[in-house]
2 protein chains.
Amino acid sequence: MQNPQAHVVSVPCSYAGPGPKLTELAPGVSLPCSTLRFARNDEIFAEEEDADFVYKVISGTVRDVRILSDGRRQVGAFHLAGEVFGLDCGKSHRYSAEAVVDCEIALVRRAALDKAVEADGGAARKLWGLTSRDLQQLQDHMLLLGRKSAIERVASFLRGMFSRSPAGDAVDLAMSRTDIADYLGLTIETISRTLTQLERSNAISMPTSRHIVLHSRLALVEG
Amino acid sequence: MQNPQAHVVSVPCSYAGPGPKLTELAPGVSLPCSTLRFARNDEIFAEEEDADFVYKVISGTVRDVRILSDGRRQVGAFHLAGEVFGLDCGKSHRYSAEAVVDCEIALVRRAALDKAVEADGGAARKLWGLTSRDLQQLQDHMLLLGRKSAIERVASFLRGMFSRSPAGDAVDLAMSRTDIADYLGLTIETISRTLTQLERSNAISMPTSRHIVLHSRLALVEG
DNA sequence: CGTCCCCTTGAGTTATTTCAACACTCGTGG
DNA sequence: CCACGAGTGTTGAAATAACTCAAGGGGACG
């Protein structure tokens with residue numbers, strides 16, 4: 001029996017799955033996929049690369065990255081386990097995606113997705129809805145980048161991470177201070193100082209630098 | 001004969017059109033619409049409002065606005081004549097849209113659009129493509145807000161306006177310094193100083209404060 | 001035990017903001 | 001015709017939030 005996913009091994013990383021599986025991109029929209037592992041800091045796709053796949057995080061954390069020619073970097077979003085990414089693009093990607101930590105990623109061929117959309121208007125709307133949600137998050141983030149102070153940015157970031165975490169009041173940050181800084185449009189020093197300040201004002205506690213526990217006072221830092 | 005658009009007169013502005021027309025949202029996707037006029041600074045739709053329509057600028061300029069409780073404002077995008085907006089949302093709008101100057105706007109019922117999408121997978125993909133394009137522009141804008149200097153922001157803004165203008169090397173800005181500042185995450189004073197600086201360095205000339213002429217040197221201010 | 005990476009902290013610098021004053025344009029009405 | 005006021009844009013001087021540069025701490029790993 002021929003393996004329909006055999007060609008994806010050309011992607012520069014190890015091939016993990018044995019054969020055809022399904023992954024659910026949106027409620028009720030499941031499509032065949034292959035699963036790949038990426039090591040920390042591996043590139044999942046590159047800017048300018050053809051957008052032949054859509055991706056879903058099985059485990060780990062992914063960052064979207066844009067870079068200016070002089071090295072200035074902007075992280076557009078973080079994708080946690082269960083989230084779909086790489087959907088929001090035309091023919092080619094306009095940013096690159098990288099593994100923040102070791103990741104397991106499901107890849108769905110865009111051709112398969114197009115076929116599903118063609119066949120089922122409901123699926124089209126659900127997937128379009130995913131793009132819309134991404135867009136709304138970017139709009140929130142634009143307000144943050146354009147108009148919020150450092151402490152408001154960090155508090156917003158933490159609140160977002162807490163709300164996406166199963167625990168709700170504790171998170172293990174997968175990303176470094178550099179990633180957070182490039183996400184929030186700040187420097188690592190400002191991130192560090194601001195976290196210290198939040199801890200000193202009892203808004204959070206930091207058992208270790210990557211482990212943050214929410215205290216109720218964080219709500220007071222609004223933005 | 002009953003006028004299917006009769007109910008839209010509940011929108012708070014004057015009703016301009018006589019009856020059923022069509023507007024082209026994407027290449028080959030034309031839908032029935034009504035045309036309304038909005039005066040300068042009128043709200044076209046509000047944050048939290050149900051997203052019952054999709055909009056297209058016939059003439060004029062529109063801004064997307066988000067506001068923080070303390071009044072800080074972020075302009076998410078400007079929409080010029082011919083551009084579709086209000087498409088990127090779930091059930092309700094997450095930002096408001098306002099007329100920068102007197103505008104003529106085509107309104108398409110979302111129900112009509114949903115029906116068209118249901119019937120034609122190709123239309124779905126084209127409209128989805130519009131949302132994707134918006135999203136890519138927001139990503140560019142995020143990089144600007146997160147990582148670019150004031151002069152780079154203003155130069156990027158002007159380059160964008162020049163490229164959208166039919167003349168290519170001259171624009172009549174419809175928006176005030178306040179709108180530009182809230183779009184670029186700066187203050188009106190910084191906008192004004194930066195434009196003066198660009199003019200003094202011969203990157204542009206400003207016959208009047210709203211009329212900007214491009215000189216070739218603007219390309220040198222990269223970002 | 002040394003090295004590397006990441007994070008924190010301090011001191012001084014700077015880009016941008018804030019505050020304040022003034023200039024220009026455009027209606028309106030005396 | 002000019003005075004007036006509102007709205008908009010420009011400019012200067014002082015203040016400040018965040019950045020840069022520099023040093024040191026601490027954990028992981030060979």
Side-chain angles (χ1 to χ4, degrees), chain A residues 39-41 61 63 68 70-74 100-102 144-158 172-201 204-212 221 223, chain B residues 39-41 61 63 68 70-75 100-102 144-155 157-158 172-201 204-212 221 223:
Chain A
R40 189 171 114 93
N41 292 327
T61 299
R63 62 176 174 254
L68 287 172
D70 63 359
R72 280 176 290 178
R73 201 176 78 131
Q74 178 69 37
V100 173
V101 293
D102 292 356
L144 179 149
L145 291 173
R147 288 301 179 210
K148 289 190 186 177
S149 69
I151 194 169
E152 289 170 332
R153 294 184 199 201
V154 172
S156 293
F157 167 69
L158 290 179
D172 257 309
L173 299 177
M175 64 292 285
S176 68
R177 298 293 188 261
T178 301
D179 284 336
I180 300 173
D182 288 342
Y183 180 59
L184 298 180
L186 298 169
T187 60
I188 55 172
E189 293 95 331
T190 299
I191 301 298
S192 185
R193 278 188 253 269
T194 304
L195 285 170
T196 304
Q197 183 186 347
L198 285 172
E199 185 169 37
R200 276 207 273 259
S201 65
I204 59 171
S205 54
M206 273 193 290
T208 74
S209 69
R210 299 288 185 101
H211 191 190
I212 315 272
V221 184
Chain B
R40 191 170 114 92
N41 293 327
T61 298
R63 61 175 174 255
L68 287 172
D70 64 358
R72 280 176 289 178
R73 200 176 80 132
Q74 177 69 37
V75 170
V100 172
V101 293
D102 293 356
L144 178 149
L145 292 172
R147 289 300 179 212
K148 289 190 186 177
S149 69
I151 194 168
E152 289 169 333
R153 293 184 200 201
V154 172
F157 167 69
L158 290 179
D172 257 309
L173 299 177
M175 64 291 287
S176 68
R177 298 292 187 260
T178 301
D179 284 337
I180 300 173
D182 288 341
Y183 179 59
L184 298 180
L186 298 169
T187 59
I188 54 172
E189 293 95 331
T190 299
I191 302 298
S192 186
R193 279 188 253 269
T194 304
L195 284 170
T196 303
Q197 184 186 345
L198 286 172
E199 185 169 36
R200 277 207 272 259
S201 65
I204 59 170
S205 53
M206 273 193 289
T208 75
S209 69
R210 299 287 185 103
H211 191 191
I212 315 274
V221 184

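Quick note: numbers below take in every heavy atom, side chains included, and nothing from hydrogens, waters or symmetry partners. Protein chains get the first letters and strands the later ones, always in sequence-line order, with residue 1 at the start of each.
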Might you list the N or O atoms of the protein lying below 3.5 Å from N or O atoms in nucleotides 9-19 of chain C, with each pair's distance?
{"from": "C:dT9", "atom 1": "OP2", "to": "A:Thr196", "atom 2": "OG1", "distance (Å)": "2.7"}
{"from": "C:dG10", "atom 1": "N7", "to": "A:Arg193", "atom 2": "NH1", "distance (Å)": "2.8"}
{"from": "C:dG10", "atom 1": "O6", "to": "A:Arg193", "atom 2": "NH2", "distance (Å)": "3.3"}
{"from": "C:dT16", "atom 1": "OP1", "to": "B:Ala150", "atom 2": "N", "distance (Å)": "2.8"}
{"from": "C:dT17", "atom 1": "OP2", "to": "B:Thr187", "atom 2": "N", "distance (Å)": "3.4"}
{"from": "C:dT17", "atom 1": "OP2", "to": "B:Thr187", "atom 2": "OG1", "distance (Å)": "3.2"}
{"from": "C:dT17", "atom 1": "OP2", "to": "B:Thr190", "atom 2": "OG1", "distance (Å)": "2.4"}
{"from": "C:dT18", "atom 1": "O4", "to": "B:Arg193", "atom 2": "NH2", "distance (Å)": "2.7"}
{"from": "C:dC19", "atom 1": "N4", "to": "B:Glu189", "atom 2": "OE2", "distance (Å)": "3.0"}

Around atom CZ of B:Arg210, are there more than 12 heavy atoms from other residues, nucleotides or ligands closer than 6.0 Å?
yes
Between C1' of C:dT8 and CD of A:Gln197, the distance in whole Å
14 Å
Nearest-Å distance, CZ (B:Arg210) to C1' (C:dC26)?
13 Å
Return the minimal non-hydrogen interatomic distance between B:Thr178 and B:Arg73, and the atom names on each side.
O-NH2, 4.0 Å
Would you name the heavy atoms of B:Arg63 and B:Asn41 that are closest together and state the gap between them?
NH2-OD1, 2.9 Å
Using chain A heavy atoms and a threshold of under 4.0 Å, write down where along DNA chain D the contacts begin and end, 5' to 3'.
D:dA18 to D:dC21
Keeping the roles fixed (side chain from B:Arg200, backbone from B:Leu195), state whether a donor-acceptor pair exists under 3.5 Å.
no
Please check if the side chain of A:Arg177 supplies one atom and the backbone of A:Glu189 the other of a donor-acceptor pair under 3.5 Å.
no
Rounded to the nearest 0.5 Å, the CD1 atom of B:Ile191 sits from the OH atom of B:Tyr183 at a distance of 11.5 Å
Report the distance from atom CD of A:Glu199 to atom CD1 of A:Ile204, rounding to the nearest 0.5 Å.
6.0 Å
Go through B:Leu145 and B:Gln74 one step at a time and tell me if the side-chain contact (heavy atoms from CB on, under 4.5 Å) criterion holds.
CA-CA 11 Å; B:Leu145 292 172; B:Gln74 177 69 37; 3.8 Å; yes
